[in-house]
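First comes the structure, then the notes that go with it.
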Amino acid sequence: MSQQLDPTTKVLDKPIAQWVEEFPKLQELIDLQPSTWFNPNVQPAAQALPDVGLTREDIDDAAARLKRFAPLFMELFPETKKTEGILESPLVAVPDQQAAIGERYGSHMPGQLWAKLDSELPISGSIKARGGIYEVLKHAEDLAIEAGLLSLDDDYRILASERMRKFFSGYKVAVGSTGNLGLSIGIMSAALGFDASVHMSADARQWKKDKLREHGVHVYEYESDYSVAVASGRKEAESDPTAYFVDDENSSTLFLGYAVAARRLAGQLKTMDITVDSEHPLFVYLPCGVGGGPGGVAFGLKTEFGDNVHCIFAEPTHAPCMYLGVLTGAHNAVCVQDFGIDNLTAADGLAVGRASGFVGHAMQHLLDGFYTIDDDELYRLIALLDHTSNIDIEPSSSAGFAGPWRVMQDAEYRDRMGLTDERMCNATHIAWATGGSMVPREEMRSYIEKGTALL
């Protein structure tokens with residue numbers, strides 16, 4: 001085994017060699033090789049959705065809450081006026097990117113490739129603006145209503161008043177993050193007046209820490225990975241009754257904030273006259289860290305499109321925590337480091353060693369598959385997207401663009417799912433670009449230059 005890993009080392013009282021014997025794909029993960037696994041345990045949506053423990057009505061409630069806050073967004077963040085306070089991202093066709101990747105991989109991809117640019121979401125420039133901002137809003141609404149300072153019929157712009165800022169300043173919000181969730185939580189919390197703290201793991205980019213401090217957020221830095229940052233943030237909040245900890249590993253509130261994206265995407269597809277049905281399947285490729293963001297989006301997509309949407313998670317070769325957890329069925333009982341995988345990746349937003357147990361258990365029968373991609377390929381895909389489409393994203397965001405070709409490489413999966421050649425020709429593929437618009441220009445230029453050199 002690679003990584004000088006002793007096959008007799010035990011994980012959960014079972015030697016690693018036995019794990020590999022039971023789950024042969026695990027060897028590819030241990031060897032840090034790009035790997036693809038299509039889930040044989042995926043179930044019909046009607047059968048698997050009840051396992052999530054949340055419903056379409058819960059998404060309705062989240063969507064309504066975001067609508068109530070729209071006037072406040074326009075007040076606090078003028079850049080949201082053009083969308084009337086609705087935080088949403090563009091869906092764009094990228095045919096030149098599709099052609100360039102096809103040429104690189106030596107394989108034509110039937111259907112059409114699109115990019116969902118959560119990299120351009122307002123306020124914090126990443127998918128985390130969905131779940132992170134939503135959880136802060138829900139907490140603020142709960143506090144204000146309980147204190148008799150707000151009712152559901154009010155104009156929510158009153159939350160920007162000095163009176164409300166003074167009220168919120170008596171409360172704390174904390175989160176552990178690799179970067180983008182911290183930006184969303186920190187910026188939104190500070191805008192409302194909360195005393196905000198973000199515990200940042202070693203892989204978090206310096207510019208993200210600097211931006212948080214510019215907004216008056218307390219930033220705590222750790223030499224360890226994501227799990228330690230989360231544990232530290234959780235511990236700080238537990239000792240203070242005025243503190244609220246945003247738990248990326250277990251939060252159903254975050255999850256629902258992400259799920260609203262599917263409702264919005266359905267509207268975009270309808271506006272663009274893009275059909276999604278059994279003869280016109282939809283494939284969505286979601287970069288995955290701890291799992292909350294892609295899990296919530298996938299849940300929402302399944303409530304919208306049922307068995308006509310196929311959700312596939314993409315992870316770095318050095319941090320395949322959700323792939324590992326669902327493949328083995330051990331979920332958050334194991335981490336990548338248990339198997340000698342170092343969790344060191346340029347994809348800082350995906351640098352998570354232990355997956356969310358909540359998401360793994362809830363979504364294990366709703367996800368079609370998983371694949372891993374190495375850091376060099378992430379940079380190549382960034383450069384290709386810049387060259388072909390003039391769209392710039394960060395390393396974590398480019399993971400989804402390899403997905404369609406992984407699907408086309410696995411005939412057994414397509415046969416099992418009834419994805420005939422005719423249906424694949426009618427398919428819509430969406431790579432979810434999860435962040436990047438706030439990356440400093442000089443750093444973005446370095447990503448593109450590195451990817452160009454690797455090409």
Side chains of [X] and [Y]: does their closest heavy-atom pair fall under 4.5 Å?
X      : Y      : answer
Arg56  : Glu304 : yes
Ser251 : Glu135 : yes
Trp114 : Gln268 : no

Other residues, nucleotides, ligands: >12 heavy atoms within 6.0 Å of [X] [atom1]:
X      : atom1 : answer
Glu422 : CD    : no
Lys14  : NZ    : yes
Lys172 : NZ    : no
Glu21  : CD    : no
Glu412 : CD    : yes
Gln18  : CD    : yes
Asp421 : CG    : no

Have a look at Val219 and tell me which of Lys211, Lys208, Met200, His199 forms a side-chain contact (heavy atoms from CB on, under 4.5 Å) with it.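 That would be Met200.
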Hey, are Asp60 and Arg263 close enough for a salt bridge, meaning a charged N less than 4.0 Å from a carboxylate O?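 Between Arg263 and Asp60 there is a salt bridge, with a charged N closer than 4.0 Å to a carboxylate O.
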Inspect the contact between Lys138 and Asp142 and indicate whether a charged nitrogen and a carboxylate oxygen are less than 4.0 angstrom apart.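 Yes, this pair counts.
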Let me see the working for Arg68 and Glu141 under salt bridge (charged side-chain N to carboxylate O under 4.0 Å, His left out), right down to the final yes or no. CA-CA 10 Å; Arg68 289 197 295 273; Glu141 183 183 66; 2.9 Å; yes
Return the orientation label for the [X] and [Y] ring planes: parallel under 30°, perpendicular over 60°, tilted otherwise.
X      : Y      : answer
Phe69  : Tyr156 : perpendicular
Phe370 : Trp37  : parallel
Tyr413 : Phe38  : parallel
Phe73  : Phe77  : tilted

Any donor-acceptor pair under 3.5 Å from [X] side chain to [Y] backbone:
X      : Y      : result
Asn308 : Ser278 : yes
Ser119 : Ile393 : no
Gln97  : Ser389 : no
Ser184 : Gly132 : no
Ser189 : Gly186 : no
Glu315 : Val352 : no
Asn180 : Lys128 : no
Arg354 : Gly325 : no
Asp118 : Leu121 : no
Arg234 : Phe245 : no

List the steps and the verdict of salt bridge (charged side-chain N to carboxylate O under 4.0 Å, His left out) for Lys25 and Glu28. CA-CA 6 Å; Lys25 280 286 181 182; Glu28 295 175 1; 3.5 Å; yes
Chi angles and distances behind the side chain to side chain donor-acceptor pair (under 3.5 Å) call for Ser201, Asp203: CA-CA 6 Å; Ser201 54; Asp203 36 68; 2.8 Å; yes
For [X] against [Y], the heavy-atom pair lying closest together:
X      : Y      : result
Gly400 : Ala314 : N-CB, 4.4 Å
Ala45  : Leu366 : CA-CD2, 4.0 Å
Ala144 : Leu159 : CB-CD2, 4.3 Å
Ser107 : Trp405 : O-NE1, 2.9 Å
Phe23  : Thr328 : CZ-O, 3.6 Å
Leu76  : Ala160 : CD2-CB, 3.8 Å

Gap between atom [atom2] of [Y] and atom [atom1] of [X] - 0.5 Å precision:
X      : Y      : atom1 : atom2 : value
Ser398 : Ile373 : OG    : CD1   : 6.0 Å
Leu66  : Asp61  : CG    : CG    : 10.0 Å
Tyr222 : Ser232 : OH    : OG    : 3.5 Å
Leu26  : Ile16  : CG    : CD1   : 8.0 Å
Leu269 : Ile430 : CG    : CD1   : 5.0 Å
Ile185 : Leu254 : CD1   : CG    : 6.0 Å

Test applied, salt bridge (Lys or Arg N to Asp or Glu O under 4.0 Å); reference residue, Glu88; option that passes from Arg264, Lys67, Lys82: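 When salt bridge (Lys or Arg N to Asp or Glu O under 4.0 Å) is applied between Glu88 and each of Arg264, Lys67, Lys82, only Arg264 qualifies.
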Given the rule in the side-chain contact (heavy atoms from CB on, under 4.5 Å) test, do Asn332 and Phe358 qualify, once you have shown the distances and angles that lead to the verdict? CA-CA 9 Å; Asn332 60 325; Phe358 158 57; over 6 Å; no
All pairs passing salt bridge (charged side-chain N to carboxylate O under 4.0 Å, His left out) where residues 285-295 contributes a residue, at least two apart: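 As it turns out, there is no salt bridge (charged side-chain N to carboxylate O under 4.0 Å, His left out) pair with a partner in residues 285-295 once direct neighbours are skipped.
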Start with the C-alpha gap between Thr372 and Tyr323, add the side-chain angles, then the distance that decides, and say whether side chain to side chain donor-acceptor pair (under 3.5 Å) holds. CA-CA 8 Å; Thr372 61; Tyr323 183 156; over 6 Å; no
Which is it for Thr434 and Ser397 under the side chain to side chain donor-acceptor pair (under 3.5 Å) test, yes or no, and what are the steps along the way? CA-CA 5 Å; Thr434 49; Ser397 289; 3.2 Å; yes
Please report the C-alpha distance between Glu394 and Arg205 in whole Å, then the side-chain angles of each, then the deciding distance to 0.1 Å, and finally whether the salt bridge (charged side-chain N to carboxylate O under 4.0 Å, His left out) criterion is met. CA-CA 11 Å; Glu394 61 187 345; Arg205 295 285 197 269; over 6 Å; no
Under 3.5 Å side-chain donor-acceptor pair for Asp375 and Thr345: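 Yes.
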Report all side-chain donor-acceptor pairs from residues 290-302 shorter than 3.5 Å, counting only partners two or more places apart or in another chain.
{"unit_1": "Lys302", "atom_1": "NZ", "unit_2": "Gly306", "atom_2": "O", "d": "3.3"}
{"unit_1": "Lys302", "atom_1": "NZ", "unit_2": "Val309", "atom_2": "O", "d": "2.9"}

With side chain to side chain donor-acceptor pair (under 3.5 Å) as the test, would you mind laying out the steps for Gln98 and His429 before giving the verdict? CA-CA 10 Å; Gln98 180 174 343; His429 300 266; over 6 Å; no
Do Tyr244 and Phe194 have ring centroids that are under 6.0 Å from one another?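 Centroid distance Phe194-Tyr244: not below 6.0 Å, so no.
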